[in-house]
Amino acid sequence: MRSVLPFIAILSPLIAAGLIWFLGRRLEERTAQISIRALAVSAGASILTLYDVVQHEAAVLKFSGLPAPFAPVILVDRLAAVMMVLITGVSVVIHVYSRRYMQGDLGYVKFFGLLSLLTFVLLSLVTSGNLFWLLICWHAVTWLLMALLSFHEGRPAARQAGRSAGRILGLGDAALLVAVLMTYMTFGTLDVMELFQAVKEPSAALVLWRGTWGEMNVVTAITMVLVVTIMTKSAQFPFHAWLSGTIEAPTPVSAMLHAGIVNAGGFLVNRLAPLYGMAPTTLYLLFIIGSLTALIGAAAMLAQPSIKRTLVYS
């Protein structure tokens, strides 16, 4: 039973998205009902998954159909289970709100299809136990976010917001690709659990550079590259410019963005905590960047002419 619950939680939004895309024109107003019910099932399964993980150990489900580096792995530990509850809970609220908010919009069916698909991708992201599939999900979030930001294609500002987000987030996706390649070349695995074991080996501290100010080992180099990925997705300074464009998207998109997507950077740090534990220099850098971003955001918030922009910078 415990192995079935994560699948129910993850696949319910995907099934809803599939039904909407194929039958949306026939369903019309019932589109929202399908999404809401699917998300309610997903949220219930996520809560039961969290309870199960707290009572027992983490659930690890491996698929052996592909070569080892690319074999999907579902890792549902306490971190993943908590994120699943957060994502599905927020998504249910946003879907319910969107039912009335988007009523009458020409893109009503498309909107719920994208929103359900985004929820599925976010759930797949937080439960991925393989860095290759985490990369795929990470980029899929970027693509879906661009589609949602430029949802009102008739407005030039919305199209510009989508392009701006795509350029900045694309840089972060490229950085994640480099970090994944570096990880595989160094440790010979992309499986998260195997990686954590490999990091404990003495060879993991291989020194790449040594100078007056200290040294950089391979783990520090990988985490430094990941900092770019984290900064772009979480809109940290100086990659925060794309965040202001979210006001051009429908309000539910802004809610989903601030409640879930920008937290992906923090999730990545927590998921790869053993690596960051061996790279104190990177943690200091993240602390400085986060503090600077908080100060800049607070200052910018006070100078905004509209309440929506004020909330964006807050």
Side-chain angles (χ1 to χ4, degrees), residues 1-2 4-24 27-54 59 74 76-105 107-128 137-138 140-141 143-145 147-149 151 233-234 246 249-264 266-267 308 311-312:
M1 180 65 179
R2 68 184 313 233
V4 175
L5 289 173
F7 281 114
I8 295 175
I10 296 169
L11 294 179
S12 291
L14 178 62
I15 293 172
L19 289 174
I20 290 169
W21 285 114
F22 288 107
L23 303 174
L27 298 172
E28 292 297 339
E29 293 298 324
R30 288 183 293 174
T31 298
Q33 296 179 16
I34 292 175
S35 292
I36 293 170
R37 289 173 181 174
L39 263 296
V41 171
S42 182
S46 297
I47 293 172
L48 292 175
T49 299
L50 176 59
Y51 176 80
D52 182 75
V53 170
V54 170
I74 294 180
V76 185
D77 54 4
R78 294 189 179 188
L79 172 63
V82 168
M83 291 300 297
M84 289 172 68
V85 173
L86 172 66
I87 292 168
T88 54
V90 170
S91 188
V92 167
V93 174
I94 292 173
H95 274 73
V96 172
Y97 174 75
S98 301
R99 181 179 180 179
R100 290 292 183 87
Y101 182 87
M102 297 299 295
Q103 201 164 23
D105 195 292
Y108 189 84
V109 173
K110 176 184 175 183
F111 180 82
F112 278 97
L114 288 173
L115 207 57
S116 295
L117 189 59
L118 177 59
T119 305
F120 160 72
V121 172
L122 287 172
L123 289 171
S124 300
L125 172 66
V126 299
T127 57
S128 177
C137 294
W138 194 274
V141 170
W143 181 82
L144 288 168
L145 181 58
L148 286 167
L149 288 179
F151 184 76
K233 193 73 82 181
S234 294
T246 60
T251 299
V253 176
S254 300
M256 191 70 174
L257 174 72
H258 294 288
I261 296 175
V262 295
N263 294 326
F267 166 78
K308 202 169 182 180
L311 292 173
V312 165

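At least one side-chain heavy atom of Ile74 sits under 4.5 Å from a side-chain heavy atom of Phe7. Between Ser234 and Asn263 the shortest side-chain heavy-atom distance does not fall below 4.5 Å. Proximity of Leu79 to Phe267: side-chain heavy atoms (C-beta onward) are separated by under 4.5 Å at one or more points. Two residues are said to be in side-chain contact when any heavy atoms from C-beta on lie closer than 4.5 Å; Ile15 and Phe120 fail this criterion. In this structure, Thr127 and Pro6 have side chains that are not in contact, with every pair of non-hydrogen atoms separated by 4.5 Å or more. Proximity of Val76 to Met84: side-chain heavy atoms (C-beta onward) are separated by under 4.5 Å at one or more points. When side chains are defined from C-beta on, Leu118 does not count as touching Leu114, because their heavy atoms never get closer than 4.5 Å.
Atoms CG and CG, on Leu5 and Leu48 in that order, are 5.5 Å from each other to the nearest 0.5 Å. The line from CG of Leu144 to CG of Leu117 is 5.0 Å long, rounded to the nearest 0.5 Å.
Closest heavy-atom contact between Phe111 and Ser98: CE2-OG, 3.6 Å. Nearest heavy atom pair, residue Trp21 against residue Lys110, reads CH2-CG, 4.0 Å.
Contacts classified as side-chain hydrogen bond (donor to acceptor under 3.5 Å, both in side chains) and involving residues 77-93 (residues at least two apart or in different chains) are given here: Asp77-Arg271, Ser91-His95, Ser91-Thr119.
Side chain of Ser116 to backbone of Ala17: no donor-acceptor contact under 3.5 angstrom is found. Distance alone, capped at 3.5 Å, is enough to place a donor-acceptor pair between the Thr49 side chain and the Ala45 backbone. Side chain of Ser128 to backbone of Ser124: no donor-acceptor contact under 3.5 angstrom is found. Distance alone, capped at 3.5 Å, is enough to place a donor-acceptor pair between the Lys233 side chain and the Trp138 backbone.
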**Prompt:** Is there a side chain to side chain contact (heavy atoms under 4.5 Å, CB included) between Trp143 and Val121 once you walk through the steps?
**Reply:** CA-CA 11 Å; Trp143 181 82; Val121 172; over 6 Å; no
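Residues meeting the side chain to side chain contact (heavy atoms under 4.5 Å, CB included) test with Tyr97, sequence neighbours left out: Tyr101, Thr251, Pro252. Here Val92 pairs with Leu39, Ala43, Val96 under the side chain to side chain contact (heavy atoms under 4.5 Å, CB included) rule; sequence neighbours left out.
Of the candidates Leu11, Leu123, Leu14, Leu123 is the only one forming a side chain to side chain contact (heavy atoms under 4.5 Å, CB included) with Ser42.
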